Amino acid sequence: MPRPSSDEREDMSEQSNETPFRYTARMAQDIELAWQDRWEESGTFNAPNPAGPWAEPERVASLGEKLVVLDMFPYPSGVGLHVGHPLGYIATDVYSRFHRMLGKNVLHALGYDAFGLPAEQYAVQTGQHPRKTTEENMTNMKRQLRRLGLGFDNRRTFATIDDEYYRWTQWIFLKIWDAWYDADAVRPDGGRGRARPISELVEEFESGRRAPLTEDGRGWADLTATERARVLAGFRLVYQSEAPVNWCPGLGTVLSNEEVTNEGRSERGNFPVFKRNLSQWMMRITAYADRLADDLDGVDWPENVKRLQRNWIGRSQGARVTFPVPLASGELAGQKGGIEVFTTRPDTVFGATFMVIAPEHPLVDSLVPEGGWPEGTHADWTGADAAASATPKEAVAAYRLAASRKSDVERQTEGKDKSGVFTGSFATNPLTGEAIPVFVADYVLMGYGTGAIMAVPGHDERDFEYATKFSIPIVRVVAARPDGGDEPLTEPFVADGFAVNSANATVSLDGLAVEDAKERIIAYLEDGGDGRGTINYRLRDWLFSRQRYWGEPFPVMFDDDGVAYAVPDDQLPLTLPDVPDYSPKTFDPDDATSSPEPPLSRVPEWVNVEVDLGDGRGVRHFRRETNTMPNWAGSCWYYLRYLDPANHETFVDPANESYWLGRHAEPVAGAPAGTVDPGGVDLYIGGVEHAVLHLLYARFWHKVLFDLGHVSSEEPFRKYFSQGYIQAYAYTDSRGQYVEASEVEEHPGAHGEEPTFTWQGQQVFREYGKIGKSLKNSVSPDEMYDAFGADTFRVYEMSMGPLELSKPWDIRAVVGSQRFLQRLWRNVVDEETGALRVADVAPDQALTTQLHQTIAGVRDDFEGLRFNTAIAKLIELNNSVTKLEVPPREVVEAMVLMVAPVAPHIAEEMWSRLGHDDGVAHAAFPVSDPAKIVMGQVTCVIQIKGKVRDRVEVSPDISEEDLRTLALSRDKVRAATEAGVRTVIVRAPKLVNVVPV
RNA sequence: GCGGACGUGGUGGAACUGGUAGACACGCAGGAUUUAGGUUCCUGUGCCCUAGGUGUGCGGGUUCGAGUCCCGCCGUCCGCACCA
């Protein structure tokens, strides 16, 4: 016999004859679908713009302040949403709806980040065009989100793959390409350094105010067009560079530093990544390193996200110092006459007893002498490979080969065990004049600083280890006390202290504190030309090209001399051609020697074009750039497009930009003194996973647009809120295979024992982790809509706990949220008759007080994104009303309005049944009247020595004196104070603390 | 290794500037409705015991009073990782 389907069971129970008007999942669905249609028909959430194609200045003027609320740009994945995804969208929707009820002009919209690798990979697997699969995915995702009742301005939606959108992505790219960073230019805020149009640089060259740095000293006028283009390329904020990049054969593309994990693998797909020298497009984000770090002070972001960005930028103050290296030939090494190092401790140059350069350092070859080891070579220094230790040349070559074969992972896992070989050259310590050996060792990284260090073993742990292993002298130049110069060093001294043993004929640091010593020695080195104070960054320029099909084409083409030209504005967008074979060429993931091959390069009719650029050179042949932009490009500016998506004249009308994102008069909450509000969206909610990728890239683009005068705000995201994740339990069987979590049965453990779990009769084991297919613990929003309705789902997600915390999904607990809505519904509608239950009766004093306390609390909580406590307060108020025979209309209506941001459909339905035709979305949020918060009796706690021993009901305005007398007269207090009273602390009316002798 | 955050019932979590610890919810127990299961509703529920005691990871400190402030441990999570 077939089992009844869940629908039939639902019919049996929910369409009970006795309670036909109960708020069930079925009724929720009817209500929700109806209101979603009504909202859409009437454009309830459309926000008026002051300017541009949708200008409605009168409507803007009729509304209060503006508010821009932003969600993470969703990527339409093929597997659909799970219950963790909408968390942030629900939170922003609640916040937006709340502020709409406060009368604000709220802009909340959602588009789709639709270019990118997964769509392309999926398309390759299924043999369909990525556009087709992407659009199908978007359709499904839109359906799932619409069913959730999110109040988006649907007119403002778009996808990054729309021609009309990526036209402007390309336009912005060209603005960045057509700009250079003038480190000396003064900004409006008084700081130095900003982007300027490249035309202004050309003008400076032409007028002679600036001379191009050419090798042969020729001036601008003497250069050919091609040479001039090359000079300009050295300044542009987008440039091509032949440099070591992250090549990922498994994905068939190169990746940015930010997309490579600590383990040296791709963030997407977890394939090995190799360093290869390839010519690639870079964005000069390092020019903005200081501002990207400094301006974090002015935004309202969680401290941990700010810290992540600051760490990634990695600014450190120090000095660059050149150590001369006399070669066997009698000449000095390198262009600077030696090895330039970066150090944060220039005060310890006197203690530098050796130097180390990275194996990949270009100077290595010139340092290695012909012939045998020089005098003074220690036996340990010739390398671990005895067969190759006869000469420096062999030893260094062997070491470099070994180092090049090590992956980053191996370098790390080998940890602190230092290795290295002597190059055969000695450098001169510029302060002591002593000859110090130069080593090649892989604990120095080519990618940081200058790729070479001065080693101060007395005051650096790594150098100390190396010196100990290779028998190199260790000198103390810092001590805890100014006279501590003779104290032995059994371990590196890295603490703050005073310079010692740091003097030569012309300078002495002895006795100076570290900071003063740094200052003194930098001045000295600058005088002598041996060094200069400088700031070093960990941040590298942003690798911007990908060898993929499914991305924005670069609006760039090359002439036959290889000079890059912008595709003219009137030819944008440069559309992505439909090609027969859009699959990228991927390789064996471990094949480090493979080379990228962009799919677009296989479309010669698209690549080769004849164009007249109007520069007087007529129609010429050009080759288009065949790389595409990374996924991040589209998400770097989408929040700007929401402001004015129908504008075909410009990417955003300046009046719309300054209205929605302009600066506020007040600095953001918690900003240090002296900062000003930078502008940007008013609330951005998302996960921490984008802290150093999207959030950094978007800030960079925004600042370039600001410098070039295209936006008035200096930051894209004024306030950022980092949400937690919803996680879920997963279960494995005895072989460690995951089993379907929804089919697992729990068996409570006896008497405090851990519970046990079974699946199809066999024992399984519980784990806790991300929601997803691989752990077989995914629950879709659709299942929630069917079983409970969208409002219950929204209430549950918002009441689980603080938004910033990660918490476990517990489907059994959802019923609590449903019961709350059912009880609320029952206070409005009779379950049996459908009649209205409220009446115009006045609530009693206690309920009036509770109502106005609740209003005040809920307002505070909504504003502070504490939705869980707001809901708790509403439940308490509702529970009070539930106890009454006749629910007072005043209280019920206030509750309906207060619950509306969280459970908008049921609120609309109740509001309309209560006789209002104007809808709840723009109704005024209740206002708390402090005068109505009147306490009849207050419980006063009586403590004896801080422990609660008694309670007494008192009037809220009891005097301290009366309360004191009352407390002392209580039996329990008298019993405890027979020996006398030492002190009585009275905090009327709620607390008395009696301290006996 | 360095840096940061956090430890509260069986569970998720409340507790504003130090002032009734455990709001609200799940779960659990008992009861009502129901032919029954489910649903719904009501009551109870930190722990130990009878009164009473005890309790916010552990140990100490400041205070009339500490989940909250300070010091030292232990544990969990996150970030960075030879960054010169």
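Everything numeric here is computed off the predicted structure, so don't read it as measured data. The sequence lines fix the lettering, A, B, ..., with proteins before strands; numbering per chain opens at 1.
Listed nucleotides B:U20, B:G4, B:A14 differ in distance to A:Thr869; the shortest reach to its side chain belongs to B:A14. Side-chain atoms of A:Arg819 lie closest to B:U40 of the nucleotides B:G12, B:U40, B:U20. Distances from the side chain of A:Val941 to the nucleotides B:U40, B:U20, B:A15 place B:U20 closest. Here the side chain of A:Ile875 is nearest to one of B:C24, B:G65, B:C82, namely B:C24. For A:Ile985, the side-chain atoms get nearest to B:G19 when compared with the rest of B:G13, B:G19, B:C41. Of the candidate nucleotides B:C24, B:U40, B:A84, B:A84 has the atom lying nearest to any side-chain atom of A:Val444. Among the nucleotides B:A84, B:C26, B:G13, the one closest to the side chain of A:Ser316 is B:A84. Taking every side-chain heavy atom of A:Ala872 into account, B:C24 is the closest of B:G13, B:C26, B:C24. Looking at the side chain of A:Ala813, the nearest of the listed nucleotides B:G12, B:C26, B:G79 is B:C26. For A:Tyr443, the listed nucleotide lying nearest its side chain is B:C82; candidates were B:C82, B:A14, B:U40.
Put simply, A:Arg538 has a side-chain N or O that comes within less than 4.0 Å of OP1 or OP2 on B:A81. Remark: A:Asn868 is in phosphate contact with B:A14, judged by side-chain N or O atoms under 4.0 Å from OP1 or OP2. For the pair A:Arg823 and B:A25, the criterion of a side-chain N or O lying under 4.0 Å from OP1 or OP2 is met. The shortest distance between the side-chain N/O atoms of A:Arg826 and the OP1/OP2 oxygens of B:C41 is below 4.0 Å. Checking the phosphate oxygens (OP1, OP2) of B:A25, a side-chain nitrogen or oxygen of A:Asn879 falls inside 4.0 Å.
B:C78 atom P lies 17 Å from atom NZ of A:Lys807, rounded to whole Å. If you take NZ of A:Lys469 and P of B:C82, they are 17 Å apart, rounded to a whole angstrom. Straight-line distance from the CG atom of A:Asp860 to the C1' atom of B:A15: 15 Å, rounded to whole Å. A straight line from CD of A:Glu360 to P of B:C82 spans 13 Å, rounded to a whole angstrom. Straight-line distance from the CD atom of A:Glu804 to the C1' atom of B:G13: 12 Å, rounded to whole Å. As a whole-Å value, the separation of A:Trp809 CH2 from B:A25 C1' is 14 Å. Counting to the nearest Å, the P atom of B:U40 and the CG atom of A:Asp830 are 18 Å from each other. Distance A:Met800 CE to B:G12 P: 11 Å, rounded to the nearest Å.
A heavy-atom distance below 4.5 Å is not found between the side chains of A:Glu515 and A:Asp496. Residues A:Met898 and A:Leu877 have side chains in contact (heavy-atom distance under 4.5 Å, counting atoms from C-beta outward). By the 4.5 Å heavy-atom criterion applied to side chains, A:Thr854 and A:Leu874 are counted as neighbours. In this structure, A:Ser799 and A:Val902 have side chains that are not in contact, with every pair of non-hydrogen atoms separated by 4.5 Å or more. The closest side-chain heavy-atom distance from A:Val438 to A:Phe323 is not below 4.5 Å. Inter-residue side-chain proximity for A:Val305 and A:Val688 is flagged as met; some heavy-atom pair is nearer than 4.5 Å.
When the C1' atom is compared between B:G1 and B:U54, the two are found 42 Å apart, to the nearest whole Å. Taking the P atoms as reference points, B:A21 lies 14 Å from B:G53, given to the whole Å. Comparing the same atom, P, in B:A23 and in B:C74 gives a spacing of 34 Å after rounding to whole Å. For the C1' atoms, the distance from B:G7 to B:G30 is 34 Å, rounded to whole Å.
Its glycosidic angle being within 90° of 0, B:G9 falls on the syn side.
Heavy atoms only, all atoms of each residue included: A:Thr322 and A:Pro430 are closest at O-CG, 4.0 Å.
Note on A:Val984: nothing from the nucleic acid sits closer than 4.0 angstrom, heavy atoms only. Within the nucleic acid shown, A:Leu805 comes within 4.0 Å of sugar-phosphate atoms alone, with no base atom in reach, counting heavy atoms only. Counting non-hydrogen atoms under 4.0 angstrom, A:Leu991 reaches a base of the nucleic acid. In this structure, A:Glu461 reaches neither bases nor backbone, as no heavy-atom distance under 4.0 Å exists between it and the strands shown. If you check every strand for non-hydrogen atoms under 4.0 Å, A:Asp460 touches nothing. In this structure, A:Thr344 reaches the sugar-phosphate backbone alone: every heavy-atom distance under 4.0 Å involves primed, P, OP1 or OP2 atoms, never a base.
Ring centers of A:Tyr466 and A:Phe354: under 6.0 Å apart, within the cut-off. A distance of 6.0 Å or more separates the ring centres of A:Phe788 and A:Tyr796.
For a distance-only test at 3.5 Å, the side chain of A:Arg812 fails to qualify as a donor-acceptor partner of the base of B:G27. A donor N or O paired with an acceptor N or O is found under 3.5 Å between the base of B:C82 and the side-chain atoms of A:Lys418. The base of B:G19 sits with one of its N or O atoms less than 3.5 Å from a complementary donor or acceptor on the side chain of A:Gln943.
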inquiry  = Could you walk me through whether A:Thr450 and A:Glu340 satisfy the side chain to side chain donor-acceptor pair (under 3.5 Å) test, starting with their C-alpha distance in whole Å, then the side-chain angles of each, then the deciding distance to 0.1 Å, before giving a yes or no?
reply    = CA-CA 7 Å; A:Thr450 63; A:Glu340 187 179 44; 5.9 Å; no

inquiry  = Pair A:Thr286, A:Asp541 - check side chain to side chain donor-acceptor pair (under 3.5 Å), show working.
reply    = CA-CA 6 Å; A:Thr286 51; A:Asp541 276 342; 2.6 Å; yes

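Nearest-nucleotide positions on RNA chain B place A:Val948 closer to the 5' end than the other of A:Glu831 and A:Val948. For A:Pro802 and A:Gly816, each mapped to the nucleotide of RNA chain B holding its nearest heavy atom, the one lying further toward the 5' end belongs to A:Pro802.
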note = Intra- and inter-strand pairing of RNA chain B, written as dot-bracket with Watson-Crick and G-U pairs under 3.5 Å and | for the latter, reads (((((((..(((......[....)))((((((.......))))))(((...)))..(((((..]....))))))))))))....

